[in-house]
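Every chain is numbered from 1, with letters handed out A, B, ... down the list of sequences.
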2 protein chains.
Amino acid sequence: MRPLFHPAIEEVTVEAILHALSDPVRVAIYADIIGQQCSQNCSNFLNISDKPIPKSTLSQHFKALREAGLIRGERRGVEMHNTSRCAEIEQRFPGLIAAIVQAHNIQLQDKLRAEKSHKRKVARAK
Amino acid sequence: MRPLFHPAIEEVTVEAILHALSDPVRVAIYADIIGQQCSQNCSNFLNISDKPIPKSTLSQHFKALREAGLIRGERRGVEMHNTSRCAEIEQRFPGLIAAIVQAHNIQLQDKLRAEKSHKRKVARAK
DNA sequence: TCATTAGTTCAGAAATTATGAACTACAGGG
DNA sequence: CCCTGTAGTTCATAATTTCTGAACTAATGA
């Protein structure tokens, strides 16, 4: 198994970051890794979406996040230790990650509110 | 020709915005539309990249920006009047567009500096 | 009416992404 | 050591998305 590739911070591009985070599964993973201050092994995310994600697909998602420079992955025995590189990215592109994560949270809140109000509507209609 | 589709601001998603702006040609177009306070017609961008972009491709790029909610396009006689929707987006996702545009500018500056220093190196070597 | 300009649409080609199956790497027994 | 199980990667191909030339629409003006 060839060693995992991680770009140097100067090689990280905005395009790659935006592309990596434009996928709902990948942002969810990334948000989770940032949230847990420490790390995460991949299999925790098998059910991150509504439909279970095959592990080969998950592996590719982690690869995409790594190669965009968003996370660092290193082997810890049999499993993977994934950490976010947000401090480095913050240095290179100040405020970028924070703005994206915040926008995502706003969207999530909006969706939750919309679902709740829809439920109320359905309840009233009965 | 069916009328152009524009999502309502509540329907705009972070994923769609990031995806739209993860393409170098599209960010260039978008940055230009924001830069020019007013508008831009498409053909100005035929040579925005190093290689000329076919106009069907360009049309698709504009469509992607429109459908992501980033710009609004309306016919003005024979040509197109494109305006950014950044005020709306700022309201929904504060700071997002600014952070992305700023990150892009940083990257552009870095690239220019790198090119300059490379030229100096080549000059010294002669 | 015809020619011109600006842009869209469509269909097939090219590129990217998803996924099952096979494989690698490690850990913990026996 | 050699199994067995677990975690994750790789590879080949299927599914999806994107690109692009060609045909088309719509407006303008001579």
Whole-Å distance between [N] [atom2] and [X] [atom1]?
X: A:Lys55; N: C:dT17; atom1: NZ; atom2: C1'; answer: 19 Å
X: A:Met80; N: C:dC26; atom1: CE; atom2: C1'; answer: 13 Å
X: B:Lys51; N: D:dC19; atom1: NZ; atom2: C1'; answer: 12 Å
X: B:Glu74; N: C:dA6; atom1: CD; atom2: P; answer: 18 Å
X: B:Leu58; N: D:dC19; atom1: CG; atom2: P; answer: 11 Å
X: A:Arg75; N: D:dA7; atom1: CZ; atom2: P; answer: 11 Å
X: B:Glu67; N: D:dT17; atom1: CD; atom2: P; answer: 13 Å
X: A:Lys63; N: C:dT19; atom1: NZ; atom2: P; answer: 16 Å

ask   = Want to settle it: does A:Thr57 or B:Arg66 sit nearer the 5' end of DNA chain C, counting the closest nucleotide to each?
value = B:Arg66
Closest-nucleotide 5' rank along DNA chain C - winner of A:Gly77 and A:His19 = A:His19
task = Look at the side chain of B:Ser56 against the base of D:dG21 and say whether a donor-acceptor pair falls under 3.5 Å; ignore hydrogens and angles.
result = yes
task = Quick one: pull up CD1 in B:Ile9 and NE2 in B:His6 and give me the separation to the nearest 0.5 Å.
result =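 One finds 12.0 Å between CD1 of B:Ile9 and NE2 of B:His6.
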query = At what distance, to the nearest 0.5 angstrom, does CZ of B:Arg85 lie from CD1 of B:Ile33?
reply = 13.0 Å
ask   = Side-chain N or O of A:His61 less than 4.0 angstrom from OP1 or OP2 on D:dT9?
value =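 Result: no.
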query = Relative to the 5' end of DNA chain D, which residue comes earlier, B:Gln60 or B:Val78, by the nucleotide with the nearest heavy atom?
reply =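 Nearer the 5' end of the strand: B:Gln60.
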query = Is any side-chain heavy atom of B:Asn82 less than 4.5 Å from a side-chain heavy atom of B:Leu65?
reply = no
task = Return yes if some donor-acceptor pair links the side-chain N/O of A:Arg26 with the main-chain N/O of A:Ala20 below 3.5 Å, else return no.
result =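 A pair under 3.5 Å: yes.
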